[in-house]
Amino acid sequence: MSIPGVLSFTQQAWEQVLAKVKRAVVYLDAASAESLHWGCGSSRLLEAVGSPACYLREFEPAAVGGGADQPKAVFVLSCLLKGRTVETLRDIICRSHFQYCVVVTAVNHAVHLTANHVPAAAAAELEGQQPVFEQLEEKLCEWMGNMNYTAEVLHIPLLLAPVAPHLALTPAFASLFPLLPQDVHILNGARPDKRRLGSLSEVDATALTPELLLQIRCLVSGLSSLCEHLGVREECFAVGSLSRIIAADLANFAPAKNRRKTATGRASVVFVDRTLDLTGAVGHHGDNLVEKIISVLPQLPGHTNDVMVNMVELTALQAEEENQNMVAPGCLAQSNDPAAKALWEALLNTKHKEAVMEVRRHLVEAASRENLPIKMSMGRVTPGQLTSYIQLFKNNLKALGNHCGLLQLGLATIQTLKHPQTAKWDNFLAFERLLLQSIGESTMSVVLNQLMPMIKPSNQRTSDDYSPGELLVLLVYIYSVSGELSVDKDLGEAEEKVKKALAQVFCEESELSPLLQKITGCDSAINLTLPKSKSAVDELFTSLRDIAGARSLMKQFKSVYVPGNHTHQVSRPHPSDHPLLILFVVGGVTVSEAKMIKDLVPSLKPGTQVIVLSTRLLKPLLIPELLFATDRLHPDLGF
């Protein structure tokens, strides 16, 4: 095993699963599949199953059961074994012929006790016992139809999707996002007048909804397991209101207290709320190819952090639209291909220009090794040049098999460079720089007035103009970078103009994007009236004001922008007492930010090891979706 890290943690967990799956039908939920995808790949699971038939299935109510020749099932789940999850287990097992069932949950048994309302004192007395799992084992036998059949329920911490040695994500918590001041009003609705909260700074664990508190406890369960694997006694720090609650929960987590007594290493775990700096998430100043790939290529179905790469270029099919779905898509995760993995890590850690040259170098070297008729060309790398290299592999099945991972990353690069949205990236960057200059020199009302000519209805927009979603990205950027606003008549009037124009544009859309559907609460453009649109825009601006005031409660780090300088990210605290720093960004992180942290911390304190964790990888258009989500306080835990 390598030096303990996020990859060894994930692979060790999956090895425990793989030991159980021989000749089994394996059901995975989406978050577990994503952890497998980045950690060791589905091919490892298929090898461990060892059956010629494909025995992998999605865990869902409509999933196909096991036939008479399939006596064994393994269910790999990222969630609590409760409510709808248990009902789905029952339904699948009851329509199958299983005689041996294994259920793996990523959530510690202690959290199952909490979910079943077992008091802390009673839970402490049950140390070493697992009554919730034992009761479910009996139920599994009952559903299989014979109490003498075999059932196992066990906890394996499948928390992470390791994207790189320094960066890992938590797919099961992709929707977890810091609270905004408007959430305080919702929380107050369930509290008596005398106990009303005045601001986010007063929100503690007792004020949260039971669902959100349980979601946090599930995350803490996984993080405690990671610290156990790393062999560290962690000290928790937090910047932001939700981060403060998560840090306190990890510090007070009962299994963690016992573990820390024997740990020999030390680590600092710093939680940071994403809402304190959204400029880094919606801005386009990160000069990184991977950020552009993630932003412009379509999302891989069922995944939160990978994309679909069109592979038709490598087939004999014409690259027509109707052929796009005939060939399985490629992706970015290449966990079983050392050469592709090396290229992927290079792309994460280099600037755009160097990354594109690195893709060319890898393609040229691979073609040379396969004795393909490569024509070397120096100078600027073009999509056409990369395409010509990739087409050399097209009719050579052996070369295709040897370099499949590399070709997927090559095609992802080509498709991104040719994508019309990539050309728009520079337009965004230019406008953001103009905004920074304006914010440094002018009032907020002047900045908003600069935005007005860019708000155009669909029948007046060209490909160079901004869509409603892109306008929201710019607004989030403006309000986040500005910080707390002093409201005056001019600002009120400027906001009203922008609100009126936006409401009109939303109404005139011929088709509502998923983001607009979420914001307006309408599933179709026909149902979106002007009053509904105005109401949605009013709520949207309430959120924008919340974003502007997100840093108002902080004593330090109040600004993410210094006039007359280039944009700065939020300064992170660096608790430097320990040799390992784990930074957890609650609400998502960008590739550029993860690289910046990885490079910056050792430069400030040589010898410090850094691990960046976050709920998901971010792209600009994702931020409005997370910000304006209505289920922040009531996450779906499968109950």
Side-chain angles (χ1 to χ4, degrees), residues 1 7-79 81 85 88-106 133 136-137 140-141 143-144 146 149-162 171-172 300-303 306 328-331 333-338 340-341 401 404-405 408:
M1 190 63 70
L7 185 57
S8 64
F9 172 65
T10 306
Q11 290 179 338
Q12 194 176 87
W14 276 104
E15 287 301 326
Q16 293 176 62
V17 175
L18 298 180
K20 299 282 183 185
V21 301
K22 189 170 183 181
R23 303 200 72 78
V25 181
V26 182
Y27 295 85
L28 301 105
D29 65 13
S32 299
E34 198 162 357
S35 172
L36 173 72
H37 179 73
W38 288 98
C40 51
S42 57
S43 59
R44 281 283 291 112
L45 182 56
L46 288 168
E47 285 166 21
V49 170
S51 167
C54 183
Y55 275 21
L56 302 193
R57 292 172 190 170
E58 184 181 357
F59 180 76
E60 57 169 356
V64 176
D69 58 341
Q70 297 170 319
K72 183 180 176 185
V74 176
F75 297 87
V76 187
L77 308 174
S78 61
C79 54
L81 304 176
T85 300
T88 302
L89 274 171
R90 179 197 64 204
D91 293 348
I92 294 171
I93 292 168
C94 285
R95 60 172 172 263
S96 303
H97 295 78
F98 299 137
Q99 298 171 27
Y100 181 5
C101 276
V102 179
V103 176
V104 172
T105 171
F133 291 176
L136 183 56
E137 285 172 352
L140 294 173
C141 290
W143 298 332
M144 285 189 281
N146 188 326
Y149 285 165
T150 306
E152 285 181 74
V153 178
L154 62 154
H155 161 238
I156 299 176
L158 302 169
L159 171 72
L160 300 179
L300 194 62
H303 288 249
D306 208 341
C331 62
Q334 302 297 334
S335 46
N336 289 319
D337 184 333
K341 204 169 180 181
C404 186
Q408 289 174 63

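Only heavy atoms go into these numbers, but all of them, side chains included; no hydrogens, no water, no symmetry mates. Along the sequence shown, the residues carry numbers beginning at 1. As the structure is a computational prediction, the values presented were derived from the model and not from experiment.
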Next item on the list: Mind checking the CD1-CH2 spacing from Ile92 to Trp143? Nearest 0.5 Å is all I need.
Entry: 11.0 Å
Check: Rounded to the nearest 0.5 Å, what separation is found between the CD atom of Glu58 and the CG atom of Leu56?
Finding: 12.0 Å
Next item on the list: Find out whether Asn146 and Cys141 are in side-chain contact, i.e. whether some heavy atom of one side chain is under 4.5 Å from a heavy atom of the other.
Entry: no
Notebook entry, point to check: Salt bridge check: are Lys20 and Glu15 linked by an N-O gap of less than 4.0 Å?
Noted result: no
Next item on the list: Begin with the C-alpha distance, continue with both residues' side-chain angles, and end with the deciding distance and a verdict on side chain to side chain contact (heavy atoms under 4.5 Å, CB included) for Glu152 and Phe133.
Entry: CA-CA 8 Å; Glu152 285 181 74; Phe133 291 176; over 6 Å; no
Check: Taking the side chain from Gln11 and the backbone from Gly39, do they hold a donor-acceptor pair closer than 3.5 Å?
Finding: yes
Check: Nearest 0.5 Å, what's the CG-CG distance between Leu36 and Leu45?
Finding: 5.5 Å
Next item on the list: Report yes or no: does Gln70 contribute a side-chain atom to a donor-acceptor pair with the main-chain N or O of Gly67 at less than 3.5 Å?
Entry: yes
Item checked: Exercise: identify the closest heavy-atom pair between Ala151 and Glu137 -> CB-O, 3.5 Å
Notebook entry, point to check: When rounded to the nearest 0.5 angstrom, what distance separates CG in Leu158 from CG in Leu77?
Noted result: 9.5 Å
Notebook entry, point to check: What pairs of residues pass the ring pair (Phe, Tyr, Trp, His ring centres under 6.0 Å) test when at least one of them lies in residues 53-75, not counting sequence neighbours?
Noted result: Tyr27-Phe75
Check: So, do Val76 and Asp29 sit near enough that their side-chain heavy atoms are less than 4.5 Å apart?
Finding: no
Margin query: My understanding is that only residues two or more places apart in sequence, or in another chain, count here; which of them pass side chain to side chain contact (heavy atoms under 4.5 Å, CB included) with Pro71?
Written below: Gln99
Item checked: Inter-residue atom distance Leu136.CG - Leu81.CG, 0.5 Å rounding -> 6.0 Å
Notebook entry, point to check: Which heavy-atom pair separates Asn336 from Cys40 by the least distance, and what is that distance?
Noted result: ND2-O, 2.8 Å
Notebook entry, point to check: Hey, mind stepping through Ser35 and Trp14 against side-chain hydrogen bond (donor to acceptor under 3.5 Å, both in side chains) and telling me if it holds?
Noted result: CA-CA 9 Å; Ser35 172; Trp14 276 104; 3.0 Å; yes
Notebook entry, point to check: Can you tell if the side chain of Met144 reaches within under 4.5 Å of the side chain of His97, non-hydrogen atoms only?
Noted result: no
Next item on the list: Compare all side-chain heavy atoms of Pro157 with those of Phe9 and state whether any distance is below 4.5 angstrom.
Entry: yes
Note to self: Looking at Thr105 and Cys79, would you say the former's side chain and the latter's main chain have a donor-acceptor pair under 3.5 Å?
What the structure shows: yes
Next item on the list: Verify side chain to side chain contact (heavy atoms under 4.5 Å, CB included) between Val25 and Phe98, making sure each step is shown before the conclusion.
Entry: CA-CA 9 Å; Val25 181; Phe98 299 137; 4.2 Å; yes
Check: Taking the side chain as C-beta and beyond, is there a heavy-atom pair between Leu154 and Ile156 under 4.5 Å?
Finding: yes
Notebook entry, point to check: Can you name the nearest heavy-atom pair linking Ala333 to Asp306, along with the distance?
Noted result: N-OD2, 3.2 Å
Margin query: For a quick test of reading the model, state the closest non-hydrogen atom pair linking Arg23 to Lys72 and the distance between them.
Written below: O-CB, 4.2 Å
Margin query: Looking at Ser96 and Gly65, would you say the former's side chain and the latter's main chain have a donor-acceptor pair under 3.5 Å?
Written below: no
Notebook entry, point to check: Do the non-hydrogen side-chain atoms of Cys331 and His37 ever get within less than 4.5 Å of each other?
Noted result: yes
Notebook entry, point to check: Are the side chains of Pro329 and Leu300 in touch, meaning some heavy atoms are under 4.5 Å apart?
Noted result: yes
Margin query: Quick one, Leu18 with Arg44, criterion side chain to side chain contact (heavy atoms under 4.5 Å, CB included). Give me CA distance, side-chain angles, the key distance, then yes/no.
Written below: CA-CA 8 Å; Leu18 298 180; Arg44 281 283 291 112; 3.3 Å; yes
Check: Measuring from Ser78:OG to Leu28:CG, what's the distance to the nearest 0.5 Å?
Finding: 10.0 Å
Margin query: On a heavy-atom basis, which atom in Thr88 and which in Pro61 lie closest, and how many Å separate them?
Written below: CG2-N, 3.6 Å
Checklist line | Which atom of Ala24 lies closest to which atom of Val74, heavy atoms considered | finding: CB-CG2, 3.8 Å
